Q: 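Let me begin by handing over the structure; questions about it come next.
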Amino acid sequence: MSPRAATHLVAGLLLLAYPLVASPFFVFQIGAYSLILGTIALSLMILAGYGGMVSLAQMMVAGVAGYLVAILGTNESGLLGFGWPWWLYVPVAVLIASVVASLIGLLAVRSAGIYMIMITLAVATAFFYFARQNYAVLNGFNGFHGVVPPHAFGIAWRRPIPFYYLCLAVAAAFYAAALYGERSTFGLALQAVRDNPRRMRALGFNVPALRVFAFFLAGVIAATAGVLLVWFNSQISPGTISVAAAIDTLVIAVVGGIRRPAGPYFGALLFAVLQNFAIDLIDPERFNTVIGIVFLAVVLLSPDGLLGLFARLRNAVPTRSFAEPEPARPAGAVPQRSRI
Amino acid sequence: MSDAVALSLDEAGAHALDLVGVGRRFGALTALADITLSVRAGERRAILGSNGAGKTTLFNTITGDFPPSSGRIRFFGEDVTHFPAHERIRRGLRRTYQISLLFDGLSVIDSIFLACRGVSRRRFSLLRPRRDDATRAQAEQLLHAVRLDDARDVAVGQLSHGQKRQVEIALALAGAPRFILFDEPAAGLAPTERRDLVAILTALPAHIGYIIIEHDLDVALRVAERVTMMHNGRIFKEGTPDEIEADAEVQAIYLGGAHG
């Protein structure tokens, strides 16, 4: 077994065993929450790390899926709530939100760098204000509450442990898909577009179409996590998709390490822990300062985020650590380069 | 219809490239003015000219990196003037770049694989290519043809300058090229590497024509049948390598510096 496979096996077993030792609070508020945020940030990592495209609209895509769940399924806000069964509203919500992601991509992919960030931020901000002011469909400032996971296959998915395993299954599936897809034809083409879009045109690739397809795929991931997020909060309101939340997604991906799929999950874990416990360390008015300082420290110490930090610690200490999911590169292996 | 007419129609269809009145302006600057140029299928043509003569701009208008401001471009009889770059490539046009434009984060074999895939189907496949995938086999052959077997899994960003030029050539040979534009392929190469380059160019199948921009006359005149001279965005002379070498005007404009 390769060191990399061994690392994944150990990490998988630890994640499966976690609810056996952790309290329901830790299973739900830290475990499930980290997996959801990590999956939303994974969708950004795929766009940015593989495609060189930084989108601040991924939380918005998750939010669109969340709103659709509240509208198509059931809610307790007394507005809409078509009462569709979960096996219908979940795929429809994910599909529509992914199409929205493609439309955002269509707007954004002809620009690059800071301009793409600005366009996606503008779209996300516009949707936030639209959601806050639209009372006819999105119920304005209040949004929807009482949006809970279904009771299916004889399991109450709302309870912490089943919900944790549901989030773990979704996160593991997308994480594995990202690792597999990295070496697929499309994955290689996306990385090549990151390195040199002009040359990709000169090889016969339709570069804008390729980038829009990447937005669609990342949209599927963000939207599915968005369904979990609305269930986790059992409500959705404009606050879920605020500009602050959009930037949190970027912070999570960058702090964790934006070049590989494991990064966003480490970033999300740190974020969830800090968000829950920084308030115990310091005056409640100032806990955001603690969060900011920790993130600043990580990024200053390691441009590659937590993953880069783990790699350095492992190189400094002779014993092998399982924190880093990828083995040291053999000579001649291909390092990935980030262009952002 | 007589045989003679049929023959002349065939000849017209056998032009790989027909440029009529092609011009390109950047604001007030006229980079190309009224270029009319025909290259037969399978013909090997060199374009000479001093820096700023418009040679690379000409390549950019032909491949669609940026379109011409005026004029028409036909590729094997088809008007491609307004085609996006990737559509021209899919029709068999290829090019290399003067300054290597490669994928620094990808390995050599992955880069060549993408070049082969770019002109075939399943460009957007979410599956990994299978072990017996035809495109993979093509990429391995091409890797061997440009003598990069030893650098197969090295990231392109870590290659030497000479090796990067070889990757440039491999990318241009991928798929089934019908006509290739080589933009100073010998730039910065050591003498032995130049010899390898000449060997690769002269060994290309006869049906593949090309235009080569090359400052090194030793290379240019050895790999071309005809030579076109450019100056200040215009074509001012065309002939065989011998005629061009002997031409007094050419020597004054282009070769003058070499004697000074």
Side-chain angles (χ1 to χ4, degrees), chain A residues 46 48-52 102 110 173-174 176-218 220-221 258-260 329-340, chain B residues 59-60 63-66 84-97 100-130 133 135-136 150-158 167-168 171-172 174-175 181:
Chain A
I46 286 171
Y50 295 149
S102 314
R110 283 176 198 276
F174 285 132
L179 282 188
Y180 174 87
E182 182 182 313
R183 303 285 312 155
S184 70
T185 300
F186 181 77
L188 288 174
L190 188 60
Q191 294 168 71
V193 164
R194 170 197 67 200
D195 285 357
N196 204 326
R198 186 176 169 196
R199 188 50 184 258
M200 279 299 272
R201 281 199 295 276
L203 294 183
F205 284 87
N206 184 340
V207 170
L210 199 144
R211 284 176 161 160
V212 170
F213 189 44
F215 263 86
F216 173 81
L217 294 176
V220 172
I221 297 175
I258 204 156
R259 302 195 306 180
R260 277 183 284 140
R329 295 179 193 289
V334 187
Q336 284 206 349
R337 253 201 212 181
S338 165
R339 281 296 174 88
I340 52 167
Chain B
F59 274 17
N60 284 334
T63 53
D65 279 50
F66 41 77
H86 65 265
E87 289 291 347
R88 304 179 193 212
I89 301 305
R90 289 177 196 175
R91 280 164 174 75
L93 183 65
R94 301 283 187 281
R95 79 170 291 181
T96 69
Y97 288 84
S100 296
L101 284 184
L102 301 169
F103 315 119
D104 285 351
L106 261 57
S107 70
V108 172
I109 189 67
D110 286 346
S111 300
I112 299 177
F113 170 80
L114 283 177
C116 297
R117 189 60 110 202
V119 288
S120 67
R121 289 161 58 205
R122 290 184 317 211
R123 275 180 289 266
F124 283 14
S125 170
L126 290 174
L127 299 178
R128 292 183 181 184
R130 286 179 9 191
D133 185 275
T135 313
R136 260 177 80 151
D150 293 340
R152 186 183 184 281
D153 298 312
V154 179
V156 168
Q158 296 176 346
V167 176
E168 273 284 334
L171 298 190
L181 307 174

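Bear in mind the structure is a predicted one, so any value in this text is a computation, not a measurement. Chain letters run A, B, ... following the sequence lines, proteins first, then strands; residues in each count from 1.
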Q: I need the B/E168 CD to A/R199 CZ distance, nearest 0.5 Å.
A: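 Going from the CD atom of B/E168 to the CZ atom of A/R199 covers 4.0 Å.
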Q: Report which part of B/T63 has an atom under 4.5 Å of a heavy atom belonging to chain A: side chain, backbone, both, or neither.
A: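 It is neither, since no heavy atom gets under 4.5 Å.
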Q: Please report the shortest heavy-atom distance between B/I89 and A/G204, naming the atom on each side.
A: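 Closest approach of B/I89 to A/G204: CG2-N, 3.5 Å.
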Q: Tell me, side chain or backbone of A/A209 under 4.5 Å from chain B's heavy atoms, or both, or neither?
A: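 For A/A209, the contact with chain B is made by backbone and side chain together.
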Q: Heavy-atom distances under 4.5 Å only: say whether B/R91 touches chain A with side chain, backbone, both or neither.
A: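 Interface part for B/R91: neither.
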Q: Any side-chain heavy atom of B/L101 sitting closer than 4.5 Å to one from A/R198?
A: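 Yes, at least one pair of side-chain atoms sits under 4.5 Å.
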Q: Where is the tightest heavy-atom contact between A/S184 and B/L127, given as atom of each residue plus distance?
A: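 Minimum heavy-atom separation between A/S184 and B/L127: CB-O, 3.4 Å.
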Q: State, with a plain yes or no, whether a side-chain heavy atom of A/Q191 is found less than 4.5 Å away from one of B/L114.
A: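 Sidechains of B/L114 and A/Q191: no contact.
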Q: Is it the backbone or the side chain of A/L217 that comes under 4.5 Å from a heavy atom of chain B, or both, or neither?
A: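 Contact with chain B is through the side chain of A/L217 alone.
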Q: Do A/L203 and B/F103 make a side-chain contact, defined as non-hydrogen atoms from C-beta onward lying under 4.5 Å apart?
A: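 In short, these two side chains touch, coming nearer than 4.5 Å.
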Q: After noting the C-alpha distance and the side-chain angles of B/D110 and A/R183, does the key distance pass the salt bridge (charged side-chain N to carboxylate O under 4.0 Å, His left out) rule?
A: CA-CA 9 Å; B/D110 286 346; A/R183 303 285 312 155; 2.8 Å; yes
Q: For the candidates B/R128, B/R95, B/R117, which exhibits the highest count of non-hydrogen atom pairs separated by less than 4.5 Å from chain A?
A: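 So the answer, after comparing B/R128, B/R95, B/R117, is B/R128.
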Q: Over 60° means perpendicular and under 30° means parallel, so classify the ring planes of B/F124 and A/F213, tilted if in between.
A: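 Rings of A/F213 and B/F124: parallel, under 30°.
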Q: Between A/L188 and B/F113, what is the shortest heavy-atom contact and its length?
A: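 In terms of heavy atoms, the two residues are closest at CD1-CD2, 4.1 Å.
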